[in-house]
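Below: the structure, in structure tokens.
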Amino acid sequence: MRGRRLSGWVAAVPMAALALATVYPLVFTANVAMKTRREYVLDRFAPLNSPHWENIGTAWSDAGMARYFANSLLVVTVSVALLLLLGSMAGFALSRLRFRGSRMIFLGCLAALFVPFQVIMVPLARVMADTGLIDTYPGLILAYVAQWLPFTVFLMTSHYTTIPMEIVDAARIDGNTVYGVYRRVMIPLGTPALLSVGILDTLFCWNDVLIALLTMNSADHRTLMVGVTSLRGQYSDDIPTFASGVLIAAVPVLMIYLFLQRQIADGVTAGSTKG
Amino acid sequence: MKGSSPLVRPGAPGRAGGPDTTRQAGHRATGTGSRRAARSERLAPYVLVAPAVLIILGLRLYPLILGVNFSFTGDGDRNGMVVGLDNYLELADDPLFRTALGNVGLLVLLLPVAVAIPGLLATFIYLRVPGHRVFRSVYFFPAVLSPVIVGSIFNLMLAFDGPLNTVLGTIGIGPVDWLGDPGVTMFTVVGVHVWATFGMALVVFLAGFSTLDSSLLDAAQMDGASLARTIWHVVIPSLSRTIAFVLVTTMIGMLTSMFGLLYVMTSGGPEGSTYLPEYYIWIQQGQMNRPALASAASTVLFLIMLVVGLAQVGLLRRAGRQD
């Protein structure tokens, strides 16, 4: 027993060092963001005695992060709402209704799951240009929905498969139409899955840079992540402002991490244990 | 994979017109009304799946076919003309694309390391080393960050006069030009990618551990087996399914989600040493205006992914048999 505890500590020391290495880069960035340019040049490591919040203000307004933030918020909110709506509708039909072609459709979703965006991005850009969707908000939203719909349908289908058929039958005997069952049974009972899939979809959309770069050309349509990449050139000699911009873009996902960690873990592991 | 997808009872919605109709006669006054209701019930599943099917077909599967077609046509002056395998021959000749493929090989070689790190950490957390709860949640934190943010942060951390070189300097190592030395930079980027994603794999491993029969571990402990022997003889065989899953998802992650890091940290440099197929596709499409050539590269990437996918099926099947 004692031997085991000792070996536990032997492992815990490097693990603690790794934990430090996990957190330190962000702490360092936050610390830099609060320095004046002069303080940064003199000593970038020293913890500050008085934080300078004005860098955040500069990044927010002068560097255009406010605009990019609003763009991201709009696009991500609408995309995730659509993903959850369409994903739960299809998941319900594929798991709990019997109809011709349902197996084909499910396999089609699975196939789409294994087609990465890089493989279709050139023709997708062509299709979007032909239909006038390029450089528009609906275009980016549609691209996001298309990208993560197979995943969302897959997870919603496997979640709804765990809801007993008796509940669906009972609701139908009570006189509900199929749509009534969807609204009154599948949505309420699907809430935990909708929450964890919704969080993952939010992270995917919020963190994306490739799809946004490909579909949005004009500067005022930039999403937050594209905005961060443009900051670097703009503020290459003003690292504190650059770090502030990075911090602004990181705060929303850090909130999600702090408060919804469990749900993220549930979503991530759903594919591994149920698969 | 869900083998049997729609677990439905025979004829569930088909009954709609039957017993329901009599029950609901009060609500639906006329016969035509109930017939219309029955029809709408019969169509309901299609209405529910239609939007998802249309979007997936139109914006995922159709572009895939379109892209393969593009790859056999020309760019620029030869736009739209069928050029056979010219694009693929050009790819084979392009040193940048060759570097990209070489780097894919490097990723395959580094894959065991990228899987072993979270696997080992998960083992210690499962064995409840002191502080395991804290480790578990701290390790997961970079996994929520965008590659753009991670790349930006590490641009600061890995600068020639940055924190990492300073720390190494105090113990007499370096300085290393993490982002400027062609022999080092690809390893740097992979390292940062692992830093950012090992938390995800860790969570998957821990979910696998939760299904592990703990009496096996206890028995190994009683027999006085060393930790290494326990891992080799008990943990790895019992977790073969989870390990296969993590291997495949990690490989897919390395092939498809490093764009953000490359874009922010290296732009493919120095000297083109950090190209990956996805970055090559982006450059040919977005910067060089060579969509047909980019499509050919996409098709090659798709074939690589297909091999990974088939390997996955094989691995999972073998792992499943051992369970």
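Here is how names work: the chains are called A, B, and so on, in the same order as the sequence lines, proteins then strands, and each is numbered from 1.
If you measure heavy-atom distances from A:Phe92 to chain B, the contacts under 4.5 Å come from the side chain alone. Contact of A:Ala16 with chain B is made through backbone and side chain together, with heavy-atom distances under 4.5 Å. Neither the backbone nor the side chain of A:Leu85 comes within less than 4.5 Å of any heavy atom in chain B. For A:Leu210, the parts lying near chain B are the backbone and the side chain together; criterion is any non-hydrogen pair under 4.5 Å. For a residue to count as touching a neighbouring chain, one of its non-hydrogen atoms must lie under 4.5 Å from one of that chain's; by this rule A:Tyr160 does not touch chain B. Heavy atoms closer than 4.5 Å to chain A are found in both the backbone and the side chain of B:Glu278. With a 4.5 angstrom heavy-atom cutoff, A:Leu18 touches chain B via backbone and side-chain atoms both. Using a 4.5 Å cut-off between heavy atoms, B:Val138 contacts chain A through both its backbone and its side chain.
Your options are B:Thr299, B:Leu121, B:Val150, B:Val148, and the one with the most heavy-atom pairs under 4.5 Å with chain A is B:Val148. Note on B:Val68, B:Leu120, B:Ile55: by heavy-atom pairs under 4.5 Å with chain A, the leading option is B:Ile55. Between chain B and the residues A:Leu254, A:Ile256, A:Val32, A:Leu149, the largest count of heavy-atom pairs under 4.5 Å involves A:Leu149. Between chain A and the options B:Val134, B:Asn155, B:Leu164, heavy-atom pairs under 4.5 Å are most frequent for B:Asn155. When A:Thr152, A:Leu142, A:Val153, A:Val168 are compared by the number of non-hydrogen pairs under 4.5 Å with chain B, A:Leu142 comes out ahead. Top candidate by heavy-atom pairs under 4.5 Å with chain A, chosen from B:Ser137, B:Pro277, B:Pro147, is B:Ser137. Ranked by non-hydrogen atom pairs under 4.5 Å with chain A, the options B:Val246, B:Thr166, B:Ile252 are led by B:Thr166. Across B:Ala294, B:Pro163, B:Gly67, B:Gly286, the residue that shares the most heavy-atom pairs under 4.5 angstrom with chain A is B:Pro163. For the set A:Ile105, A:Thr22, A:Leu200, the count of heavy-atom pairs under 4.5 angstrom toward chain B peaks at A:Thr22. With chain B as the partner, the residue from A:Thr229, A:Leu203, A:Val145 showing the most heavy-atom pairs under 4.5 Å is A:Thr229.
With rounding to the nearest 0.5 angstrom, the CD1 atom of B:Ile149 is 6.5 Å from the CG atom of A:Asn207. Distance check, rounded to the nearest 0.5 Å: CG of B:Leu306 to CZ of A:Phe114 gives 10.5 Å. In this structure, B:Phe140 CZ and A:Ile264 CD1 are separated by 5.0 Å, a value rounded to the nearest 0.5 Å. Annotation: the span from A:Leu124 atom CG to B:Leu66 atom CG amounts to 10.0 Å, rounded to 0.5 Å. Here B:Leu61 contributes atom CG and A:Cys109 contributes atom SG; the two are 8.5 Å apart, rounded to the nearest 0.5 Å. Within the model, atoms CD1 of B:Ile153 and OG1 of A:Thr29 stand 4.0 Å from one another, a figure rounded to the nearest 0.5 Å.
When all heavy atoms of B:Phe154 and A:Pro25 are compared, the closest pair comes out as CZ-CG, 4.1 Å. B:Arg60 approaches A:Val115 most closely through the heavy-atom pair NH2-O, 2.6 Å. The minimum heavy-atom distance linking B:Ser295 with A:Pro123 is given by the pair OG-CD, 4.4 Å. Nearest heavy atom pair, residue B:Phe259 against residue A:Leu213, reads CE2-CD1, 3.9 Å. Across every non-hydrogen atom of A:Arg232 and B:Val264, the tightest pair is NH1-O, 2.7 Å. Here the shortest heavy-atom pairing between A:Leu86 and B:Ala52 reads O-CB, 4.4 Å.
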Could you go through A:Met225 and B:Tyr263, starting from their C-alpha distance and side-chain angles, then the distance that decides it, and tell me whether this counts as side-chain contact (heavy atoms from CB on, under 4.5 Å)? CA-CA 12 Å; A:Met225 292 310 144; B:Tyr263 186 75; over 6 Å; no
With side-chain contact (heavy atoms from CB on, under 4.5 Å) as the criterion, how do B:Phe141 and A:Gln261 come out once you've worked through the C-alpha distance, each side chain's angles and the decisive distance to 0.1 Å? CA-CA 9 Å; B:Phe141 134 81; A:Gln261 205 186 130; over 6 Å; no
Derivation and outcome, side-chain contact (heavy atoms from CB on, under 4.5 Å), residues A:Gln147 and B:Leu59: CA-CA 8 Å; A:Gln147 176 62 25; B:Leu59 295 176; over 6 Å; no
Using the side-chain contact (heavy atoms from CB on, under 4.5 Å) rule, take B:Ser146 and A:Trp206 through it: C-alpha gap first, then chi angles, then the decisive distance, then the call. CA-CA 8 Å; B:Ser146 164; A:Trp206 186 269; 5.9 Å; no
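Sparse packing is recorded around OH of B:Tyr62, with 12 or fewer heavy atoms of other residues, nucleotides or ligands lying under 6.0 Å away. Surrounding CZ of B:Arg290 are more than 12 heavy atoms belonging to other residues, nucleotides or ligands, all under 6.0 Å away.
For the pair B:Met157/A:Tyr24, a side-chain contact is recorded, criterion being any heavy-atom separation below 4.5 Å from C-beta on. A 4.5 Å side-chain heavy-atom check between A:Tyr179 and B:Val47 finds at least one atom pair inside the cut-off. You'll find the side chain of B:Tyr279 stays beyond 4.5 Å of the side chain of A:Gln118, heavy atoms only. Looking at A:Met15 and B:Val129, their side chains come closer than 4.5 Å, going by heavy atoms from C-beta outward. Using a 4.5 Å heavy-atom cutoff, the side chains of A:Leu214 and B:Gln285 are in contact. Side-chain contact between A:Val228 and B:Ser152: present, with at least one pair of heavy atoms (C-beta onward) separated by less than 4.5 Å. The shortest side-chain heavy-atom distance between B:Ile56 and A:Pro150 falls under the 4.5 Å cut-off.
Between the side chain of B:Tyr46 and the backbone N or O of A:Arg100, at least one donor-acceptor pair lies under 3.5 Å. When atom types are taken as modelled, the side chain of B:Thr256 and the backbone of A:Phe117 share no donor-acceptor pair closer than 3.5 angstrom. Within the 3.5 Å criterion, the main-chain N or O of A:Val178 finds a donor-acceptor partner in the side chain of B:Glu41.
Residues of residues 195-202 of chain B placed with any heavy atom under 4.5 Å of a heavy atom in chain A are listed by number as B:Trp195, B:Phe198, B:Met200.
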